[in-house]
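Encoded as structure tokens, the structure appears first; notes follow it.
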Amino acid sequence: MKKILLITQFLTASIASAAVNSSTSGIDIEDPPGMQSVVTQENGVTHIRFVPKPAPSSNSIASKSPSPVSPAAQSALPTSSSSTSSSSAIDTATSKVNLDLPISAVPAFVALDLSPETVSTPSTPRDFAAALLNGADHGGVLNTGVAIEATPFRWIPNLRTDIKAYSENYWNRLLYNFSFSLATAKASDNDSDAVQLGLGFSAVLYQDAESDPRRSTELRNAFYQVNERYPMSGVPPGIPAAEIEDENPMAQKTLQQAVKDFRNKSWQGTIWSAAIAPTWISESGKISDLGNPGFTAWTTVAYGPPGKIFADILNCQFAGQLRYRQNQHVVDSANSTHTADQNTFIAAGKLRLGMTDFNGFAEGAYVRVWKGLNGDASGWRGALGVEKKINDNMWLVFSAGQQFGATTSTGSNELFAIGSFRIGTSQNAEYLAATNAER
Amino acid sequence: MSKPVVVDSKITLPDESGTVTVALKERGAVHVGFGIDLFLGDNLIRHVVVFPDEDDVERYFSLETVTALRALGIDCFGRAFSAATDDVELRLSFAIAGKEIATSKPAAFSLNPSNPSREFHIRCLFA
């Protein structure tokens with residue numbers, strides 16, 4: 001069965017987490033007719049979207065997956081009100097598979113479907129140990145709401161991490177950019193003590209030098225030019241530190257502009273990353289009772305040719321992603337005894353063309369579900385869209401597409417819900433799965 | 001307007017002869033432009049090095065003999081830059097005949113795309 005979807009989205013990128021609450025209650029945006037605004041936060045990015053209002057009847061899944069760290073923001077998610085038909089359970093289950101995973105996504109948070117407002121980012125082994133100790137009490141009971149992200153290989157004393165070693169050695173770069181993440185969350189919405197634990201590991205397997213902010217010759221040259229234009233001089237040790245001149249504001253401003261120019265070219269270059277996040281559930285909340293393991297793994301590659309195309313006007317970027325999620329526990333909200341531990345595979349691709357403040361995109365995805373609430377299933381979706389930059393942090397996005405799906409066990413074609421998805425390295429134009437369908 | 005990162009250290013030289021060398025050691029993959037000046041009190045004695053190639057972090061530069069250095073002080077000054085998010089730690093390493101004899105206190109700070117650069121002074125008085 002084919003469906004046409006029209007989704008209008010306001011996306012905000014790089015808004016501080018504190019803005020979420022004000023977004024939830026404070027941003028004065030009138031909902032268009034037949035639409036409702038949805039505020040979500042993911043990986044530090046706040047998204048405000050307009051999606052179709054749900055139909056009156058509802059028969060959908062409340063996943064047993066994790067209580068979000070940000071209840072205020074997450075309560076607006078259309079997780080249990082988007083479906084209308086008898087096949088909506090699996091449809092919604094698939095909709096909960098977020099297709100929108102940027103390369104910078106933190107694996108442990110993604111695995112638990114978390115959008116933590118506060119993330120601990122220890123920069124020393126001591127801070128890291130302290131953060132870990134906060135993850136459990138003296139009785140070995142896991143605390144919920146723990147979110148840690150760290151780059152542990154930067155702490156190893158004998159591992160050179162200076163710019164020369166980084167630039168010359170692949171393995172040095174791999175370890176320098178390797179990140180570890182840990183998160184805990186309640187495993188259900190009720191009063192049970194069940195807790196989920198996720199560990200995440202991610203690495204940049206390849207990145208070309210010019211798109212790497214630490215190896216870009218453009219940035220390096222900008223730095224040298226600043227040092228020539230705004231030279232410094234030594235200050236005798238006897239002079240009090242308070243009497244040393246302030247930093248040169250022009251040097252700072254010039255370098256900030258160089259960074260801004262560089263980030264405007266984030267379309268260009270090649271990057272390939274991979275991540276894996278094993279997860280466990282403890283029904284009692286104790287570490288010793290952790291079990292029922294599962295994991296999420298994905299790899300993403302993005303490529304943008306150097307320069308611009310079409311009369312030197314448009315940027316271009318292609319991104320592709322493969323993702324597998326094993327043993328995701330889902331519960332049919334219409335029948336709490338109807339549960340499944342499903343496995344999901346996603347293959348997605350996206351082509352983006354655009355300028356600094358206006359983009360167009362084409363995207364396609366294949367989703368395969370095993371052992372879901374309605375058995376095994378697979379489906380496809382494709383969409384075209386445009387987005388316009390409203391201000392530094394906000395994009396207006398319009399997309400339209402089709403989806404195709406079939407379940408082998410029920411005969412239903414209604415397999416998965418609608419979603420834009422974001423994959424790639426752009427810091428500006430970002431997409432989020434719509435997680436809601438007009439059926 | 002922000003103040004540079006300033007770190008002052010006292011370096012006790014060993015009772016041995018030889019020429020002391022100094023290198024800027026770096027943790028964090030950031031660009032660093034630096035110079036090193038040698039002072040007697042408030043008077044500049046000489047520029048030890050003036051903004052060499054950034055690859056010259058970790059490279060040792062010759063100062064003075066242990067005896068001559070006892071009355072002097074140095075300032076390693078410069079600018080660090082990164083377009084990514086990095087925790088930076090810079091310190092001076094002093095060596096005689098290739099063997100490290102002392103290090104300064106570290107200058108530690110963070111860089112990110114919004115605040116991509118910091119100026120620093122790592123100053124040492126010898127005794």
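Numbered from 1 within each chain, the chains take letters A, B, ... in sequence-line order. Note that the structure is a prediction, hence the values are computed from the model and not measured.
Put simply, of B:Ser114, B:Gly28, B:Ser117, the one with the most heavy-atom pairs under 4.5 Å next to chain A is B:Gly28. Chain A forms more heavy-atom pairs under 4.5 Å with one residue of B:Val88, B:Asp42, B:Asn115 than with any other, namely B:Asp42. Ranked by heavy-atom pairs under 4.5 Å with chain B, the first of A:Ser233, A:Ala251, A:Ala222 is A:Ser233. Counting heavy-atom pairs closer than 4.5 Å to chain A, the top residue among B:Leu40, B:Leu38, B:Asp86 is B:Asp86.
B:Ile74 touches chain A through its backbone: at least one of N, CA, C or O sits under 4.5 Å from a heavy atom, while the side chain does not. For B:Ser110, no part lies under 4.5 angstrom from a heavy atom of chain A. In this structure, no portion of B:Cys76 lies under 4.5 Å from any heavy atom of chain A. No part of A:Ala165 comes within reach of chain B, as not one of its non-hydrogen atoms sits under 4.5 angstrom from that chain. Proximity to chain B (any heavy atom under 4.5 Å) is shown, for A:Asp212, by neither the backbone nor the side chain.
In the model, A:Asp261 has a side-chain atom that pairs as donor or acceptor with a side-chain atom of A:Gln257 under 3.5 Å. Under 3.5 Å, the side chains of A:Asn227 and B:Arg79 contain a donor-acceptor pair of N or O atoms. A donor atom on one side chain and an acceptor atom on the other are found under 3.5 Å apart for A:Thr217 and A:Glu210. No side-chain N or O of A:Ser273 forms a donor-acceptor pair with one of A:Tyr206 less than 3.5 Å apart.
For A:Lys265 and A:Glu218, the salt-bridge test passes: some basic side-chain N is under 4.0 Å from an acidic carboxylate O.
In this pair, B:Phe126 and B:Phe94 present their aromatic rings perpendicular. The plane angle is above 60°, beyond the 30 to 60° band.
Counting only heavy atoms from C-beta outward, the side chains of A:Val235 and A:Glu245 never approach each other to under 4.5 Å.
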